Amino acid sequence: MTEQQSITDTGETGMARTYRPADIEPRVYARWLAADVFAPDGIGSRADQSKPPFVIVQPPPNVTGALHLGHAARGTVEDLMIRRARMQCRPTLWLPGVDHASIAAQFVLDGVIAAEGETRQSLGRERYLERMWRFMEETRGVIRDQQRRLGLSADWSRERFTMDEGSAQAVRTSFKQLYDDGLAYRGERLINWCPGCRTSLSDLEVIATPETGTLWSVRYHLLPAEGADAAALVSAAEVEAITVATTRPETILGDTAVAVHPEDERYRALVGRRVRIPFVDRIVPIIADEMVDRAFGTGAVKITPAHDPADLETAQRHDLPIIDVMEDDGSINHLGAAFGGLPGLEARRRIVAELESNGDLVAASPHEMVIGRCQRSDDVVEPRLKVQWFIDVKPMAERAMKAVRDGRTRIVPKRYEKVFFNWMENIRDWNVSRQLWWGHRIPAWYCPDGHVTVSDKPEGPDACATCKLPAGDLRQDEDIFDTWYSSGLWSFSTLGWPEATDDMRRYYPGTVMETGYDILFFWVARMMMLGEWLTTREPFGTVLLSGLLRDPYGKKMSKTRGNVIDPLGVIDELGADALRFALVHGSGPGGDQRLGPSQLEGARNFGNKLWNAARFVLGSRPDAVPDGPLDLPVGGYLGPAEHWILARCARTVEEVEEAYRTFAFGEAARLLHDAIWNEYCDWYLELAKVRLSADDAQRRAGTWAVLTWVLDRYLRLLHPVMPHLTEEIWARLPHLTGDPDLLIVAGWPDAGREKALVDEAQARGVQGLIELVSGIRNARSEAGIEPGLWLPASLHITDPDALAAYGALQTAVERLARVRATLVGDRAQLDLIEGALTVLVRPGEARLARGGSDLIRERERLVKELAEADRMLIETEARLADQRFVERAPEAVVQGARDRLAELSERVERLRARVTA
RNA sequence: GGGCGAUUGGCUCAGUCGGUUAGAGCGCACGGUUCACAUCCGUGAGGUCACUGGUUCGAAUCCAGUAUCGCCCACCA
């Protein structure tokens, strides 16, 4: 058969020899769309509207982005949960959308227009925003298409955008409410300023970066004392100057005091004296303040209130002037004397040089410090004093914490609760003003007298709330909101809030909020605060936090490092289901995971394995089986192998259910992988092959019924992880009475039928035969016997269950072990065979005519087995000889040890007899 | 400075309530054209469960400490 033939050969089942995702996945997805099954009230929905809805809350991806592996991982987990809930016939809502991502989007667009020779400034606000909207239209569909290729079953009919009118109204209403509640306020505060982005940032957007800087010691000259007392206490040399330490010499220009500790003997006499600030010739006082650490630097601190939070507090305590010496771009302004107009770092260089040349630079030493950098642009963030909008989040944080304490919101894994509380307890006011253009304009208006009017109306206020000046005389705040403000409203703004809509009543609060732990504070915490405050409900019942994806070496994936895996490339090559399985299989709650080609190929191979198992099942349908619904045959048509696989199936259904229920999705995937591959394919399919060719038509039909039944169960359980493949296979199988046409809306399985039917003794018997076959294979392989060679064998089966099962499965056992077997009723008969391989397993013993084997290797194997059994026997004996163990351990454990002892004794005895024979 | 997590074969990870012989995938070695699948089948080698101490009849598992790695939070000039 040529390569071409083998690929196109679809056989009688109409299925290709390998699973081909590129053909199948888009077709399957189109069927779902056409059937309208994604929406909770879609035409194809089989939701039981009396059941509690299952609502996924998902952080919408950035509108300008492309789907990366993190998105794929998040989406897969979300989709998995929604699919399972859908199969449980709960009304399910997964509302998709994109985030306008103001600062990130501007960053991207600035790059795009730069290529066109434009800048934000050259376009101006209006044209820039027009350009942005056009850009949005181009990029907005990209993410959606990519999500669909991944197979995500979100309700696309409700797709939302954080810049749409619904969001805008939610922003206005919420802000008005927070303002009326006294939580939103406008004030002059030190904010984080990014000179590159020319906007303020919240604390979260500032990344603390350890760096080695320089600590300069600078001498400030004192003015002569006004009274005589000081001169009496200290010598003239000491009063000449005071030395301060700084890491930012350019801020000298904004100094308005020098501070020392009140109990510092070295400086006690200088408190109240005055110094001259270099370059600006400002005369400032020496003050005493507890904030000074006497042990650091020289123990004297220069106070620059406009550029340092601690200094500002000190200044306020001492009523000092506040002098801002910086422009928006980070350069020194006109207050910086000769340095005005210079970039900050250049000013620093020159100031240091001048200090050095005039002898006032006392020391310069390397200094380990932490510098705040902009999350987006990496620029050094400057503390600056600005009038902006803040939200007092403390009262909201209290409510959010209460939701967690009360158990109304559960964080999974639980260890993140601690992180959450720690952050919430130390939370500081949230600066929401951004000096950007792309985003929701702050709905605050100012009249010429400075009165503030906050309005929730789209057209703004009619008049000043204080002095009633008409709207025409009011001016709206130029700033926009922090992106995360509108994101934080997402879980309810998308349901129609502030209107009391049906959706709000039905789908709020959400069931599970799924996201990576990296945005716990940005998103989850803020959404919980805003949700609790504005809707008086917790926005979701469970927060499911996932880990980050790393490359096979544990490194973070990043474009610059070049180790990113493009999910779309994987989908093209291996299929969406393979990607999804690999992502789920390797994941644990809250833990990072590594992903590389080997995991992806493994997932692809698993899909192909299942595909081929299905191909076999479908192709082996006995002629006598009439068309009819899927059902289990009644007892008489089941053989031991059927009881075994049904017992295994029941167990798997329960274990997988438990794993899904506890968010252990990786575990669910592993359980299914093992059940399908190692039990269903490796053993049951092989055992079933013989019975499928039995003379008795009822037996053939019974076997096929079990084959299809178990496959059906596994397909249902696996569907949330590998939806396309399972849907495609399922379509070709007979269905239960009452099943829909599509697996996506078929019922979620339970193990009831199997458990009622299974004969455990028969199942155990098959387990024993599996051990026997494995033992024979092992002995053959160790002895170097050709795998294909049929050997005569004598079997003595002591386990009654295995013996009973053997009656029905002899042919299958012979085929799997590659032997022609004779069953002997008395073990002594085995010893009559000369020069044979010995197989000693729990359920019995076998002798294999040796064929071309090597007796020395056989003997080595037996000696090794004997040594191992003997070692374990001695261990067990010792344990049972310990009186304390027998007395204190639970009876079941002691009995287990006793049984084991008996088993091992017999094994050792028999092995010893064979070795010495 | 505070907090969290991890440490189990060469690699990546499971390991439930402490209880028989610590599992899997990849990789490796050996052997296979067994009529679903070479994206496959069979067999095997490979582990002082990071270290020290404690609790216990019994510890990979619980407790304390140590080491290494990773992450989060934090206004000392």
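A note on names: the letters A, B, ... follow the listed sequences, proteins ahead of strands, and every chain is numbered from 1. Note that the structure is a prediction, hence the values are computed from the model and not measured.
- Applying the 4.0 Å criterion to OP1 and OP2 of B:A77, one finds that A:Lys302 has every side-chain N and O outside that range.
- Picking from B:C73, B:C76, B:U12 the nucleotide with the shortest atom distance to the side chain of A:Asp293 gives B:C76.
- Nucleotides B:G65 and B:G44, compared at atom C1', are 41 Å apart to the nearest Å.
- For the pair A:Lys689 and A:Phe616, the distance from NZ or CZ to the six-membered ring centre is under 6.0 Å and the angle to the ring normal is within 45 degrees.
- Comparing the same atom, P, in B:G53 and in B:G47 gives a spacing of 23 Å after rounding to whole Å.
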Begin with the C-alpha distance, continue with both residues' side-chain angles, and end with the deciding distance and a verdict on side chain to side chain donor-acceptor pair (under 3.5 Å) for A:Gln593 and A:Ser587. CA-CA 6 Å; A:Gln593 62 170 314; A:Ser587 74; 4.7 Å; no

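- Rounded to whole angstrom, the span from the CZ atom of A:Phe616 across to the P atom of B:C35 amounts to 12 Å.
- When the side-chain nitrogen and oxygen atoms of A:Arg17 are compared with OP1 and OP2 of B:U39, none of them lie within a distance under 4.0 Å.
- Base-pair partner of B:A77: not found among the strands shown (Watson-Crick or G-U wobble, both distances under 3.5 Å).
- Residue A:Arg780 places none of its side-chain N or O atoms closer than 4.0 Å to OP1 or OP2 of B:U43.
- Using a 4.0 Å heavy-atom criterion, one finds that A:Arg428 contacts the bases of the nucleic acid, with or without backbone contacts as well.
- The side chain of A:Asn426 contributes no N or O atom lying less than 4.0 Å from OP1 or OP2 of B:C73.
- Counting only heavy atoms from C-beta on, A:Ala310 has its side chain closest to B:C75 among B:A77, B:C75, B:G5.
- Base pairing annotation: B:G9 forms no Watson-Crick or G-U wobble pair, as no partner gives both donor-acceptor distances under 3.5 Å.
- In this structure, A:Lys418 does not reach the B:C73 phosphate: none of its side-chain N or O atoms is under 4.0 Å from OP1 or OP2.
- Rounded to whole Å, the distance from CG on A:Leu725 to P on B:A36 is 19 Å.
- Pairing for B:C62 is with B:G54, a Watson-Crick or G-U wobble pair whose two hydrogen-bonding atom distances lie under 3.5 Å.
- A centroid separation of 6.0 Å or more is found between the aromatic rings of A:Tyr680 and A:His673.
- Atom C1' of B:U61 sits at a distance of 12 Å from the matching atom of B:U8, rounded to the whole Å.
- For A:Asn605 and B:C40, the shortest distance from a side-chain N or O to OP1 or OP2 is below 4.0 Å.
- No contact: A:Glu868 has no heavy atom under 4.0 Å from any strand.
- On the C1' atoms, B:C69 is 11 Å away from B:A50, given to the nearest whole Å.
- For the pair A:Glu679 (side chain) and A:Tyr684 (backbone), a donor-acceptor distance under 3.5 Å is absent.
- Side-chain N or O atoms of A:Asp592 include one that pairs as donor or acceptor with a backbone N or O of A:Leu548 at under 3.5 Å.
- A:Leu904 places its CG atom 9 Å from the P atom of B:U21, with the value rounded to the nearest Å.
- B:C71 and B:G10 have their C1' atoms separated by 27 Å, with the value rounded to a whole Å.
- When the side-chain nitrogen and oxygen atoms of A:Lys864 are compared with OP1 and OP2 of B:A45, one or more of them lie within a distance under 4.0 Å.
- OP1 or OP2 of B:U34 has not a single side-chain nitrogen or oxygen of A:Arg815 nearer than 4.0 Å.
- For B:U12, its base never sits under 3.5 Å from the side chain of A:Arg594 at any donor and acceptor pair.
- Proximity note for A:Met872 (side chain, C-beta onward) versus B:A77, B:C37, B:U21: the nearest is B:U21.
- Computed from coordinates, the A:Glu313 CD to B:C76 P distance equals 13 Å when rounded to whole Å.
- Distance, A:Glu667 CD to B:G15 C1': 9 Å, rounded to whole Å.
- A salt bridge does not link A:Arg907 with A:Glu903: every distance from a Lys NZ or Arg NE/NH1/NH2 to an Asp or Glu carboxylate oxygen is 4.0 Å or more.
- OP1 and OP2 of B:A14 both lie 4.0 Å or more from every side-chain N or O belonging to A:Arg670.
- Of the C1' atoms belonging to B:U34 and B:C40, the separation is 12 Å, rounded to the nearest Å.
- When the P atom of B:C76 is taken as reference, atom NE2 of A:His367 falls 10 Å away, rounded to whole Å.
- Atom P of nucleotide B:U21 and atom CD of A:Glu875 are separated by 6 Å, given to the nearest angstrom.
- Note: CG (A:Leu873) to P (B:U21) measures 12 Å, nearest angstrom.
- Among the nucleotides B:A77, B:C37, B:G44, the one closest to the side chain of A:Lys609 is B:C37.
- Across all strands shown, B:G46 forms no Watson-Crick or G-U wobble pair with both key distances under 3.5 Å.
- When each of B:U21, B:U43, B:G5 is scored by its nearest atom to the side-chain atoms of A:Asn778, the top-ranked nucleotide is B:U43.
- Each of A:Thr256, A:Val301, A:Leu320, A:Val292 was compared with A:Ile287 under the side chain to side chain contact (heavy atoms under 4.5 Å, CB included) criterion, and only A:Leu320 meets it.
- Nucleotide B:C37 is matched to nothing when pairs are restricted to Watson-Crick or G-U wobble geometry with both distances under 3.5 angstrom.
- Phosphate proximity of B:C40 to A:Trp611: absent, as no side-chain N or O sits under 4.0 Å from OP1 or OP2.
- Considering only the side chain of A:Ser781, B:G42 comes nearest among B:G42, B:G25, B:C72.
- RNA chain B is contacted by both A:Glu601 and A:Val773; A:Glu601 maps to the nucleotide lying nearer its 5′ end (nearest heavy atom per residue).
- Each of B:A36, B:C76, B:U43 was ranked by its minimum atom distance to the side chain of A:Phe296; first place goes to B:C76.
- Each of A:Gly602 and A:Glu786 has a nearest nucleotide on RNA chain B; the 5'-most of these lies closest to A:Gly602.
- Distance check on atom P: B:U7 versus B:A60 gives 15 Å, rounded to whole Å.
- Each of A:Tyr19, A:Phe581, A:Trp611 was scored for a ring pair (Phe, Tyr, Trp, His ring centres under 6.0 Å) with A:Phe606, with one residue passing: A:Phe581.
- Within 4.0 Å of A:Trp790, counting heavy atoms only, lies no atom of the nucleic acid at all.
- Salt-bridge formation is not detected for the pair A:Arg884/A:Glu887: no Lys NZ or Arg NE/NH1/NH2 atom is positioned less than 4.0 Å from an Asp or Glu carboxylate oxygen.
- Looking at the side chain of A:Arg777, the nearest of the listed nucleotides B:U43, B:G5, B:U20 is B:U43.
- Taking atom C1' in both B:G5 and B:C13, the straight-line distance is 16 Å, to the nearest Å.
- Contact annotation: A:Lys689 reaches the phosphate of B:A36 (side-chain N/O to OP1 or OP2, under 4.0 Å).
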